[in-house]
Amino acid sequence: MRFFPLFTRALLGAIIVVEPALSAEITGTKLLSDLSDTTFDCMQDEIPLVWRFNEIAPEATFIHYTAVLHGKLIKATYNITSNGRISSAEYGSERIVERSADGSLKVTRVDGRVMTCFAR
């Protein structure tokens with residue numbers, strides 16, 4: 001049985017059915033805009049890190065970022081793929097970036113590792 005409405009009433013009381021939080025993939029200029037000039041507090045597996053982007057031009061084909069991981073500053077670059085995703089030769093290939101209902105970003109690498117980030 002599928003529930004499409006957010007709230008459903010049963011005959012003998014009220015049953016509240018809440019649909020799961022949906023994520024929407026972000027690509028292209030929307031992705032660049034969401035990352036531009038932003039610092040994120042992230043968790044990858046059990047590892048906390050800080051992910052930082054300077055201002056990004058909407059037509060950028062690559063973007064520089066920094067990460068602070070285990071107290072070390074890492075500087076790296078993402079390429080923007082033809083389908084508007086970020087890709088990194090240094091740390092695995094293309095990533096899928098999704099915006100969750102709570103406003104966080106979910107960044108999934110091709111190897112399945114996921115990083116969850118909240119903007120500061």
Donor-acceptor contacts, no H, no angles, side chain residues 50-57, under 3.5 Å, sequence neighbours left out:
| unit_1 | atom_1 | unit_2 | atom_2 | d |
| --- | --- | --- | --- | --- |
| Arg52 | NE | Thr39 | OG1 | 3.3 |
| Arg52 | NH1 | Thr38 | O | 3.3 |
| Arg52 | NH1 | Thr39 | OG1 | 3.4 |
| Arg52 | NH2 | Asp37 | OD1 | 3.1 |

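If you chain together hydrophobic residues whose side chains sit under 4.5 Å apart, Val97 and Tyr65 fall into the same group. Side-chain heavy atoms closer than 4.5 Å link hydrophobic residues (I, L, V, M, F, W, Y) into clusters, and following such links, even through other members, never connects Val68 to Tyr78.
Evaluation of the ring-ring contact (aromatic ring centres under 6.0 Å, His included) rule for Phe62 yields His64 as partners, not counting sequence neighbours.
By the 4.5 Å heavy-atom criterion applied to side chains, Leu105 and Arg99 are counted as neighbours. Put simply, the side chain of Ile86 reaches to within 4.5 Å of the side chain of Ile63, judged on heavy atoms. Side-chain atoms of Glu94 and Asn83, non-hydrogen and from C-beta on, do get closer than 4.5 Å to each other.
In plain terms, the two heavy atoms of Ser87 and Ser93 that are nearest each other are OG-C, 3.8 Å. Of all non-hydrogen atoms in Pro58 and Thr29, the two that sit nearest each other are O-CG2, 3.4 Å. When all heavy atoms of Ile80 and Ala60 are compared, the closest pair comes out as CG1-O, 3.6 Å.
The distance from atom OG1 of Thr108 to atom CZ of Arg95, rounded to the nearest 0.5 Å, is 10.0 Å. Cys42 contributes atom SG, which lies 4.5 Å from atom CE of Met115 (distance to the nearest 0.5 angstrom).
Partner of Ile26 under the side-chain contact (heavy atoms from CB on, under 4.5 Å) criterion, chosen from Leu35, Ile96, Asp34: Asp34.
Phe118 belongs to no multi-residue hydrophobic cluster, having no ILVMFWY side-chain contact under 4.5 Å with any other such residue.
Of the possible donor and acceptor atoms, one in the side chain of Asp102 sits under 3.5 Å from a partner among the backbone N and O of Ser104.
Using a 4.0 Å cut-off between charged nitrogen and carboxylate oxygen, Arg109 and Asp111 count as a salt-bridge pair.
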